[in-house]
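Each remark here refers to the structure printed beneath this line.
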2 protein chains.
Amino acid sequence: MRMMISNSSSVPIYEQIKENIIHQIMNHELLEGEILPSIRSLSKDIKISVMTIKKAYDELESEGYITSIQGKGTFVAPQNTQLVQEQVRREIENHIEKAVTLSHRFQIPVEELTQLIEIFDRGDEE
Amino acid sequence: MRMMISNSSSVPIYEQIKENIIHQIMNHELLEGEILPSIRSLSKDIKISVMTIKKAYDELESEGYITSIQGKGTFVAPQNTQLVQEQVRREIENHIEKAVTLSHRFQIPVEELTQLIEIFDRGDEE
DNA sequence: CCACTGTTATATATAGTATATAACACTATA
DNA sequence: TATAGTGTTATATACTATATATAACAGTGG
């Protein structure tokens, strides 16, 4: 499993692990039902304490991303696509709203925002 | 001075104070050269330890927002408008880029983003 | 001198983060 | 059934960030 951890970051290690896994689920690099590395193996792999991995997995489970089964392992939970879509829309709205608010505050024409969208829209497709 | 502090927030108090003052400077509610409340008076006012206020002011000073003069007080530093504009543009670009990336990842047409801009653009002017 | 500024230092408390270790419980399999 | 792998729970320890309280020091201005 791909997992980049910065030990010096101010972001807690368990948060980095969470973000990493959520990101992989969102990008379908991890699929529904797929098994995650066991707590102990991931612990050895990235040299992080078992308890820290456990904390990350616990929170991911309580947030509905994964499911742990004692004795078997930890698996990617079925995605509630509608819920995900709603969360994503909310996140997008937040970004746009903040951008617009900043434009107003500093008198930047909103046309520049639409231009930025076009630029990133092109530059982002691979 | 207007200052809302949430004691239960996960955001540190000194960070909340910083954000609050930066926001007021950005919105020209605090003007260049204007004097800020003294550390002790603000401490009494919002019932926060002197040292916490000091920490907030220290960081604001090292970030160039304010200037402290021993025995006199703490003042809003002259704004480097060009630098501010650049920072704002960078922040706006970040928001737009994230919104576009999410749209791509979840196959939401970017046209919806431009629509959102229009909506917030209208809704935001008072 | 006095009353207000900011500055520095010390001690203390609490919470979050991270580690190490151990024991327990469940599953699958040789 | 023994064993080796899972997750779970508990305990102790350490470090850091945050926040508080208190005190003393230093500069400004009336």
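So you know, we letter chains A, B, ... as the sequences are listed, proteins then strands, and number each from 1.
- Using a 4.0 Å cut-off on heavy atoms, the residues of residues 48-67 of chain A that approach DNA chain C are I48(A), S49(A), M51(A), T52(A), K55(A), listed by number.
- Donor-acceptor pairing under 3.5 Å is recorded for the side chains of N20(B) and Q24(B).
- Within the structure, no pair that satisfies the ring pair (Phe, Tyr, Trp, His ring centres under 6.0 Å) test touches residues 40-62 of chain A, not counting sequence neighbours.
- Under a cut-off of 6.0 angstrom, the local environment of CG in N27(A) is crowded, with over 12 non-hydrogen atoms contributed by other residues, nucleotides or ligands.
- At a non-hydrogen distance threshold of 4.0 Å, S38(A), I39(A), R40(A) from residues 38-46 of chain A come into contact with DNA chain D.
- Judged as a ring pair (Phe, Tyr, Trp, His ring centres under 6.0 Å), not a single pair has a partner in residues 10-41 of chain B (not counting sequence neighbours).
- On the nucleic acid side, DNA chain D contacts chain A at distances under 4.0 Å to non-hydrogen atoms, with the end points of that region at dG5(D) to dA10(D).
- Here K72(A) reaches the OP1 or OP2 of dA28(C): one of its side-chain N or O atoms lies under 4.0 Å away.
- dG16(C) atom P lies 14 Å from atom CD1 of I13(B), rounded to whole Å.
- Residue pairs meeting the side chain to side chain donor-acceptor pair (under 3.5 Å) criterion with at least one member in residues 31-41 of chain A, sequence neighbours excluded: S38(A)-S41(A).
- Between the side chains of N94(B) and H95(A), no donor-acceptor pair is found at a separation under 3.5 Å.
- Atom CD1 of I17(B) sits about 9.0 Å away from atom CG of L60(B), to the nearest 0.5 Å.
- Rounded to whole angstrom, the span from the CD atom of Q70(A) across to the P atom of dC26(C) amounts to 6 Å.
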